[in-house]
Amino acid sequence: MTKKSQILVSKSPSKWQLYVQLCRLDLFPLGTALVFWPSAWAATLAAYRYAIAVDVLVLHVLTLFGLCTVLHCAGCVIDDILDVEYDRQVGNLSERTKSRPLPSGNLSMRSAVGLLAALIMGSLLLLTLATPNLFRIGLFSIVMFTLYPMMKRWTNWPQAWLGLTVNLSIFVAWASVEKAQDYTVPNVLFIGTWAWTIVCATISGCQDKRDDVKAGVGSMTLYLGPRIRPALSLCSLMFVASLTYVGVINDQTAIYFVVSVGSAGLHLLWQLATVDFDSPNDCLDKFRSNHTLGFVIWLGLVLDYAVNSYYSTDPFH
């Protein structure tokens with residue numbers, strides 16, 4: 001838990017503290033970042049391509065941050081509601097899940113459902129302010145989040161489903177730009193970020209692999225076994241290749257390729273070369289490092305956008 005998160009929790013009344021924990025806001029920005037960064041990349045790519053004014057881009061990014069935070073909170077609440085019995089089983093083995101608000105009994109199911117309803121209503125309210133297409137994408141995202149907890153019961157690939165779910169924010173970001181009619185860029189980006197999410201979520205899932213075995217649920221961590229490093233290396237290669245191709249078709253400059261693509265390649269090379277899949281602490285540290293990577297990729301896009309806007313004949317208009 002970060003110092004800011006500790007302050008937020010410690011100053012909250014008891015029930016609010018439980019709500020914060022249920023939404024994983026005590027771990028903020030972890031989790032939320034995984035949903036937000038791809039949408040921020042897509043918004044900045046669209047702004048670069050269609051010469052969107054800087055104030056409009058800032059508004060889009062801030063709106064996406066709020067929407068992604070609310071959707072991630074809703075997803076966490078859905079996950080805990082549907083997984084409460086699983087968490088109780090694992091809770092006998094793991095302090096991490098035993099202390100969660102629902103399995104510990106500190107928060108009632110009724111309160112959790114009420115919070116979920118408020119979060120979904122908040123998400124829908126934000127989406128109603130946008131276009132009908134955006135509303136449909138957002139509604140579909142909520143359905144996907146709802147089904148995610150079931151994937152660990154039905155398949156060995158819940159992390160792949162999570163990748164499909166969280167990266168729908170890319171299409172929300174792209175569709176928010178009225179001029180954006182060509183969806184080649186977001187489609188390619190979606191494929192790459194799907195692979196990146198698998199890398200992040202599978203590394204994070206290594207913290208729970210012993211508990212997953214005892215609870216009898218599926219996970220890519222367990223399914224891949226000794227093949228996990230080469231499999232995640234392939235996913236990382238897909239991600240870097242996607243970023244590269246996106247840069248080519250979006251006419252990005254060398255700034256993007258050096259800062260964004262170069263940093264992604266070096267970071268993922270370091271991450272997969274050094275991660276200890278049998279160390280929960282190291283897996284958590286590596287998972288957290290992807291938040292920094294998300295920011296650096298966005299930084300490269302912002303710098304490219306700023307330089308391009310400055311040298312254009314009609315900057316920021």
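Of all non-hydrogen atoms in Leu272 and Ser236, the two that sit nearest each other are CD1-OG, 3.1 Å. Closest heavy-atom contact between Val188 and Tyr245: CG1-CD2, 3.7 Å. In terms of heavy atoms, Met220 sits closest to Pro158 at N-CD, 4.2 Å. Across Cys283 and Gln207, no two heavy atoms sit closer than the pair CB-CG, 4.3 Å. For the residue pair Ile297 and Ser260, the shortest heavy atom distance occurs at O-OG, 2.7 Å.
If you chain together hydrophobic residues whose side chains sit under 4.5 Å apart, Val143 and Leu67 fall into the same group. With hydrophobic clusters built from ILVMFWY side chains whose heavy atoms lie under 4.5 angstrom apart, Leu266 does not share a cluster with Ile203.
For the pair Trp270/Lys286, a side-chain contact is recorded, criterion being any heavy-atom separation below 4.5 Å from C-beta on. With contacts defined as side-chain heavy-atom distances shorter than 4.5 Å, the pair Val61/Trp298 qualifies. The shortest side-chain heavy-atom distance between Leu34 and Cys200 falls under the 4.5 Å cut-off. At a threshold of 4.5 Å between non-hydrogen side-chain atoms, the residues Gln271 and Leu232 do not count as touching.
Annotation: Arg227, atom CZ; neighbour count of heavy atoms from other residues, nucleotides and ligands within 6.0 Å is above 12.
Checked against side chain to side chain contact (heavy atoms under 4.5 Å, CB included), Ile191 has the following partners two or more places apart in sequence or in another chain: Met238.
The aromatic rings of Tyr223 and Trp157 are tilted relative to each other, their planes meeting at an angle between 30° and 60°.
Put simply, CG on Leu237 and OG on Ser233 are 9.0 Å apart, with the number rounded to the nearest 0.5 Å. Interatomic distance, OG1 of Thr197 versus CG of Leu164, reported as 9.0 Å (0.5 Å rounding). With values rounded to the nearest 0.5 angstrom, Tyr48 atom OH is found 11.0 Å from Tyr256 atom OH.
Between Trp41 and Trp196, the distance separating the two ring centers is shorter than 6.0 angstrom. Between Phe36 and Phe65, the distance separating the two ring centers is shorter than 6.0 angstrom.
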Apply the test side chain to side chain contact (heavy atoms under 4.5 Å, CB included) to residues Thr193 and Ser242: give CA-CA distance (whole Å), side-chain angles for both, the deciding distance (0.1 Å), then the verdict.
-> CA-CA 8 Å; Thr193 53; Ser242 167; over 6 Å; no
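With respect to the salt-bridge test (charged N to carboxylate O, under 4.0 angstrom), the residues Arg49 and Asp182 qualify.
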